[in-house]
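So that the names make sense, note that chain A is the first sequence line, chain B the second, and so on, each numbered from 1.
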2 protein chains.
Amino acid sequence: MAERPGEFALIEQFLKPLAKTCPGALSLADDAAVLQTSPDQDLVVTKDALVAGVHFLEREDPGVVAARALRVNLSDLAAMGASPKAYFMALALPQAIDADWLAAFTAQLASDQDTYDIALAGGDTVATPGPLIVSITAVGTVPTGQALTRKGANVGDRLFVSGMIGDAGYGLAILKGEVPDATEAQARAAIARHRYPEPRLALGEGLRGVASAAVDISDGLIADLHHICASSGVGAEIRTATIPTSAALLAQIDVDPAWRMTALSAGDDYELLFAVPPGRTTEATAAASIAGVEVTEIGMITESKDIVVLSPENEPLPIGKGGYVHF
Amino acid sequence: MAERPGEFALIEQFLKPLAKTCPGALSLADDAAVLQTSPDQDLVVTKDALVAGVHFLEREDPGVVAARALRVNLSDLAAMGASPKAYFMALALPQAIDADWLAAFTAQLASDQDTYDIALAGGDTVATPGPLIVSITAVGTVPTGQALTRKGANVGDRLFVSGMIGDAGYGLAILKGEVPDATEAQARAAIARHRYPEPRLALGEGLRGVASAAVDISDGLIADLHHICASSGVGAEIRTATIPTSAALLAQIDVDPAWRMTALSAGDDYELLFAVPPGRTTEATAAASIAGVEVTEIGMITESKDIVVLSPENEPLPIGKGGYVHF
């Protein structure tokens, strides 16, 4: 039996060759594909699958499963600057899923559909002897040529993030029982951030024609910054002191400074990380203000191909594989 | 625990309400969704998921899994008259899937991509402790308003099918060991029809503006005819003697006439069943000829809401639930 390749090797070796005749696939290296189907608009399509016990807890609340499954896809649309249009859902349902579960699951979807102005357009429902799998394909539109990709960041561009970074990872750690000293209020807020990510759709739309590159933070701030740098052929320098952190996580960092790395390397925040040419930062912050989202400048794009993370004392911190930061 | 609804009830009760604000969802009652994204073209999107051990044999050849997974989606595009544009694939991979399996799986996809002029545009790859699941979303285009739907058949329209009907079900029966007396040549041809369905894309494109309604035969001829009749608010009369049947299946029917029901009620043929206004049948057969596909007139649309199946002796045959025909 030939050894099973890891996900990265699988994509490089087996899937990228299948995408080479499709320019809109963006070499399978971006948050979504961009298909030209009209002279006025491009179509942005993304597909994410979530497996029970792998991407969410086996006995997770059905509303949380629904919200995460839809919102991680909407976050990919936001990272491309696309406006949501419709989604398709394949459900692989084990026998244990009953009508009560389905009622709670679809009630959350209905509520999210209202919030994010999107509707179910099709899909498939199949029985499985394995775990629950929710696979959603979300379709959005963007004016022709205006999709935000990971490619396009230039030396000197400023780096911004939306919202607060690190809460989702902190919430997951609390859920896993790894933070026995978290207060109830801290726990509640951080767990909610993990369970109900907020796709930054209005911000993504506002950044069309303003940001030079964008990504949503799903793998972790450093890892996703690496995606922008690799696609754009640049490096970056960020300052930990400027990374926006919630009061709850700050309080935790006061107790144990090792928690600071959560903000840098934990994923699932689904905030946007984007680069803006230096002359256009006012436009970017104005767009954020209209979208009702805080954005914070955390560093800039550099010529060296490295990512440098500066400590509050302006010392470069060592970064390990996968964006893990050693303090 | 509330009882689990069946697939039909699940769609009616839980999923249709999520699609009610999306006209292009066609109430989740057609082969695909039709999204208006451009003044010139509509987008046709379909999503089908296949589960190992449910939709294909647990140890099925990886090339067969790839061909079936992609082609059943392309067949949905064909049934809507759409031209394929790109597809998205989510793979839930159990540990047993190795590099050899992936090489054979993607080699078949590459070959099918050439044949059907489509490319992979994106997707997701996840690990699962359960069975292999392949979920494909296929995207096609059709000139605005010209998508073929299940709705639109009128009284007096002629009913046609493409190709031969019943071979895929016959092949599955052979694979299951239910036909001990099949000759090797019969077995080989029928099993190939089951394993490698032929999406009738060129025919579907040629029927735009000609057919009044169309569906692909995935559930069985009678069951899929019922879909057209229910959506169009009409009935139909078909003659078993006119249903095109392969030499292999005809030889089997000679041995045991009960096999005739296979042609009427087995699914997975992925041929097109379509209605054509009486004045346009010459256009339909000309379109089929250009597409290089045989089509055969098998009956007509009637005013009564029933489906009547006439025996070779012109006697109505009793039809049971799910299109099962009792001889």
With a 4.5 angstrom heavy-atom cut-off, is it the side chain or the backbone of A/Ala107 that approaches chain B, or both, or neither?
neither
Using side-chain heavy atoms (C-beta onward) and a distance below 4.5 Å, is A/Val45 in contact with B/Val45?
no
Donor-acceptor check, side chain of A/Lys85 to backbone of B/Thr37, threshold 3.5 angstrom: yes or no?
no
If you tally heavy-atom pairs under 4.5 Å between each of B/Ala119, B/Ala121, B/Ala25 and chain A, the highest tally belongs to B/Ala121
Check the pair B/Asp48, A/Val126 against side chain to side chain contact (heavy atoms under 4.5 Å, CB included), reporting the backbone distance first and the verdict last.
CA-CA 9 Å; B/Asp48 270 330; A/Val126 294; over 6 Å; no
Taking side chain as everything from C-beta outward and backbone as N, CA, C, O, which of these in B/Leu10 sits under 4.5 Å from a heavy atom of chain A? Side chain, backbone, both or neither.
side chain
Taking A/Ala92, A/Gly24, A/Pro17, A/Ala127 one by one, which has the highest count of heavy-atom pairs under 4.5 Å against chain B?
A/Ala127
Part of B/Asp40 within contact of chain A (heavy atom distance under 4.5 Å)
side chain
Where does B/Ile133 contact chain A at under 4.5 Å (heavy atoms): side chain, backbone, both or neither?
side chain
Please walk me through it: do B/Met89 and A/Leu15 pass side chain to side chain contact (heavy atoms under 4.5 Å, CB included)?
CA-CA 10 Å; B/Met89 181 169 64; A/Leu15 300 178; 3.8 Å; yes
I need the residue from B/Leu26, B/Thr141, B/Leu35, B/Leu50 with the largest number of non-hydrogen atom pairs under 4.5 Å to chain A.
B/Leu35
Chain B contact via A/Leu93 - which portion, at a heavy-atom distance below 4.5 Å:
both
Using a 3.5 Å distance criterion without hydrogens, assess whether the side chain of A/Gln113 forms a donor-acceptor pair with backbone atoms of B/Leu18.
yes
Where does B/Phe105 contact chain A at under 4.5 Å (heavy atoms): side chain, backbone, both or neither?
neither
Less than 4.5 Å to any heavy atom of chain B: does that hold for the side chain of A/Pro94, its backbone, both, or neither?
backbone
Any sub-3.5 Å donor-acceptor pair from B/Lys47's side-chain atoms to A/Ser135's backbone N or O?
yes
Hey, are the side chains of B/Ser38 and A/Leu43 touching, using non-hydrogen atoms and a 4.5 Å cut-off?
no
Honestly, the part of B/Leu132 sitting under 4.5 Å from a heavy atom of chain A is neither
Turns out that what part of B/Ala103 lies under 4.5 Å from chain A's heavy atoms comes down to both
Do other residues, nucleotides or ligands put more than 12 heavy atoms under 6.0 Å from the NZ atom of B/Lys16?
yes
Would the number of heavy atoms belonging to other residues, nucleotides or ligands and lying under 6.0 Å from NE2 of B/His226 be above 12?
no
Going from CG on B/Asp124 to NE2 on A/His55, what distance comes out if it is rounded to the nearest 0.5 angstrom?
6.5 Å
Option in B/Cys22, B/Ala86, B/Ala52, B/Ala32 with maximal non-hydrogen atom pairs under 4.5 Å from chain A
B/Cys22
Value for CG (B/Leu28) from CZ (A/Phe88), rounded to nearest 0.5 Å, stands at 9.5 Å
Is the count of non-hydrogen atoms from other residues, nucleotides or ligands lying under 6.0 Å from A/Glu12 atom CD greater than 12?
yes
Test item: B/Pro129 and A/Val54 side chains (from C-beta on) under 4.5 Å apart, heavy atoms
yes
